[in-house]
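What follows is a short report on a single structure.
Letters go in sequence order (proteins before strands), and every chain restarts at 1. Bear in mind that the values here come from a model prediction, so they are computed numbers and not experimental data. Quick note: numbers below take in every heavy atom, side chains included, and nothing from hydrogens, waters or symmetry partners.
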Amino acid sequence: MALKVYNVLSRIKEDFTPLNPGVVNMYACGITVSGDAHIGHAYQSVVFDVITRYLRYLGYDVKYVRNYTDVDDKIIANAARAGMDPIEFAEKYMAQTDIEMDALGNAQPTIMARATKCIDDIINFVQKLIDSGHAYVSEFGDVYFKLSSFPEYGKLSHIQVDKNDTGVRKETEPGKQNDLDFALWKSAKPGEIAWKSPWGMGRPGWHIECSAMNLKYLGEQIDIHGGGRDLVFPHHENEIAQSESLTGKQFAKYWIHCGLVKINGQKMSKSLGNGILLKDVLAKYDADTIRFALLRNTYSADIDITDSLLPESRKHIYKMYSGLAALNGRDFSDADQNETNAKIDEIKNEFERAMNDNFNTLEVIAAAFGWFGFINTELAKKSTEYDLKRIADKIVELFRVLNILQQNPIEYIEKTKNDVLEKSGLTVDDIEKSINERLVAKQNKDWATADAVRAKLLDKGIVLNDTPNGTTWDVNL
RNA sequence: GGCCAGGUGGCAGAGUGGUUAUGCAGAGGACUGCAAAUCCUUGUAUGCCGGUUCGAUUCCGACCCUGGCCUCCA
């Protein structure tokens with residue numbers, strides 16, 4: 001049962017075999033920090049976080065490099081609008097994004113690279129491309145990649161540039177030899193942030209930084225290169241052209257792209273301005289809920305953030321934590337350990353089968369509904385032959401790969417209840433008074449009053465449950 | 001115009017050459033004073049037309065439709 005990965009380069013699911021046994025070098029394109037991070041950034045970061053975690057679960061020594069693009073046209077423009085220095089502006093949003101990514105439950109990548117910290121490497125890279133005839137300097141001090149020097153151009157996106165020119169908006173940039181050549185180095189306009197280079201003051205083009213950072217931190221060849229699907233063309237295509245022209249070797253072995261985010265069926269994009277900011281989602285939902293929502297989707301497919309997705313996800317998370325909490329204080333010392341082991345193996349196999357199939361977290365979650373159904377069913381019986389605590393521990397251990405269900409269940413439930421109480425303005429005392437009031441009514445068979453008490457609480461998000469051991473209350477999410 | 005993805009039950013959405021997930025909603029049941037929660041059961045689902053096959057939702061071809069990328073974007 002080996003890991004299979006869908007490789008965008010070959011367009012098939014391939015057996016995953018890293019270049020060097022036991023080691024995985026992965027690079028995922030991060031964020032251009034021209035403002036607040038949005039839910040699309042969150043999706044991409046969670047997907048590659050989980051990929052990293054699963055590779056580590058399989059025992060690989062993973063080096064995961066992510067980058068911030070901290071200088072580009074938009075950053076310069078937005079910084080100017082905010083009356084800030086572009087570097088200061090970028091740093092502000094990088095710091096904020098770091099905090100949000102952490103709050104989302106993402107592990108820190110091995111290396112967080114930054115374009116402006118690699119200017120020398122970029123200049124070096126560009127110079128080598130010029131020296132080898134893959135790039136040229138224009139009369140205006142810009143450096144362009146010479147597309148005609150890389151015959152394999154288009155192998156990732158399957159775009160044939162000579163056939164694709166109809167309908168493409170062409171921006172005439174003076175100094176370009178060919179419309180399709182792309183900038184490696186941009187000369188600075190007066191007053192713009194700039195670095196000294198052999199071609200005059202300027203700054204890196206968008207694509208070159210990733211090639212340079214890859215080379216610097218991971219070497220000439222890497223195992224996995226990832227990002228959002230919107231980067232396939234031209235960004236990743238251009239990275240391949242630059243890197244492979246420089247080294248003469250295949251750049252990345254596996255290309256992995258996650259789908260894009262839609263909001264209630266509509267594509268989310270900067271041009272449409274319908275983005276959901278990560279900080280706004282984090283203000284309303286906990287990381288477990290957000291990750292659950294994002295991972296209950298095949299990573300390569302677009303994800304539709306409908307109005308019901310996050311509330312529904314929260315219910316599922318709450319229910320799972322409730323299942324875990326219900327095991328607290330239960331004694332399973334009489335359990336049949338062999339049967340329990342068999343169940344644990346079955347769960348582990350289901351998990352690995354799903355994850356080995358191109359990181360199918362959707363299937364893991366579908367299976368997990370079954371696992372929790374099993375626990376609840378056994379728990380509802382008078383006696384069970386399974387050690388449910390050990391089974392639950394295994395589920396939690398496996399879910400470490402998704403970084404979901406890692407909180408203390410009792411505390412999670414307490415916290416959720418407190419949040420609801422805070423919103424409803426009720427206290428635990430209020431609820432217990434109502435329960436007692438209802439108990440009296442029930443004893444008098446005054447069902448109308450009993451039901452009214454219950455309805456009133458339900459109105460405020462509190463649901464009463466009559467059990468053989470008395471009445472309990474819970475939040476109605 | 002070029003390239004790509006996809007069309008599955010009421011909705012969302014997977015996998016699979018033959019017995020088809022999962023969730024939500026619905027129905028029935030256990031339970032309850034009634035509920036709730038939980039659990040169990042359940043439902044004429046695979047765009048259209050051909051082909052390959054003993055057998056296709058799954059493979060191949062044509063067609064129709066939807067969406068994406070080709071411009072900054074994760």
Notebook entry, point to check: Within the structure shown, what part of the strands sits under 4.0 Å from A:Gly259 by heavy-atom distance: base, sugar-phosphate, or nothing?
Noted result: base
Check: Between the base of B:G67 and the side chain of A:Arg229, is there a donor-acceptor distance below 3.5 Å?
Finding: no
Notebook entry, point to check: For A:Arg66, which contact category applies under a 4.0 Å heavy-atom criterion: base, sugar-phosphate, or nothing?
Noted result: nothing
Next item on the list: Could you label the plane-to-plane angle of the A:Phe292 and A:Phe369 rings as parallel, tilted or perpendicular, counting under 30° as parallel and over 60° as perpendicular?
Entry: perpendicular
Notebook entry, point to check: Should the pair A:Trp255 and A:Phe251 be assigned to parallel (<30°), tilted (30 to 60°) or perpendicular (>60°) ring geometry?
Noted result: perpendicular
Note to self: Need the pair for B:U58. Rule: Watson-Crick or G-U wobble, both distances under 3.5 Å, any strand; none if unpaired.
What the structure shows: none
Item checked: Any strand: nucleotide that pairs with B:U53 via Watson-Crick or wobble, under 3.5 Å -> none
Check: At under 4.0 Å between heavy atoms, what does A:Leu458 touch on the DNA or RNA strands: base, sugar-phosphate, or nothing?
Finding: nothing
Next item on the list: Determine the contact category for A:Val47: base if any of its heavy atoms lies under 4.0 Å from a base atom, sugar-phosphate if only primed atoms, P, OP1 or OP2 are that close, otherwise nothing.
Entry: nothing
Notebook entry, point to check: Where the side chain of A:Arg11 is concerned, which of B:A74, B:A21, B:C4 is the nearest nucleotide?
Noted result: B:C4
Notebook entry, point to check: Under 4.0 angstrom, heavy atoms only, what part of the nucleic acid is A:Thr298 near: base, sugar-phosphate, or nothing?
Noted result: sugar-phosphate
Margin query: From C-beta outward on A:Ala450, which listed nucleotide comes closest to its side chain: B:G33, B:C70, B:C24?
Written below: B:G33
Next item on the list: Kindly point out which of B:U38, B:G23, B:A14 is positioned nearest to the side chain of A:His316?
Entry: B:G23
Checklist line | Gap between atoms CG and C1', on A:Leu362 and B:A21 respectively (whole Å) | finding: 9 Å
Next item on the list: Just compare B:G23, B:A36, B:C4 and give me whichever is closest to any side-chain atom of A:His158.
Entry: B:C4
Notebook entry, point to check: Do we see A:Trp447 stacking on the base of B:G33, given a limit of 5.5 Å between centres and 30° between planes?
Noted result: yes
Item checked: Per A:Arg454 side chain, nearest of listed nucleotides B:C4, B:A74, B:G33 -> B:G33
Next item on the list: Any strand is fair game: report the nucleotide pairing with B:U38 by Watson-Crick or G-U wobble, both distances under 3.5 Å, or none.
Entry: B:A30
Note to self: Looking only at the side chain of A:Lys442 (C-beta and beyond, no hydrogens), which of the listed nucleotides B:A74, B:G33, B:C39 gets closest?
What the structure shows: B:G33
Check: What does B:U66 pair with, Watson-Crick or G-U, if both distances are under 3.5 Å?
Finding: B:A5
Notebook entry, point to check: For A:Asn376 and B:C39, is the shortest distance between a side-chain N/O and OP1 or OP2 below 4.0 Å?
Noted result: yes
Checklist line | Side chain of A:Ala301 - closest among B:A74, B:C72, B:A14 | finding: B:A14
Checklist line | Centroid-centroid distance, A:His225 to A:Tyr254, less than 6.0 Å | finding: no
Next item on the list: Establish whether the base of B:G33 is bridged to the side chain of A:Asp451 by a donor-acceptor pair shorter than 3.5 Å.
Entry: yes
Could you pull out every donor-acceptor pair under 3.5 Å between side chains of residues 310-318 of chain A and any protein atom, sequence neighbours left out?
from     : atom 1 : to       : atom 2 : distance (Å)
A:Ser313 : OG     : A:Leu309 : O      : 2.7
A:Tyr318 : OH     : A:Asp474 : OD1    : 2.4

Next item on the list: Answer yes or no: side-chain N or O of A:Asp230 and base N or O of B:C72 forming a donor-acceptor pair under 3.5 Å.
Entry: no
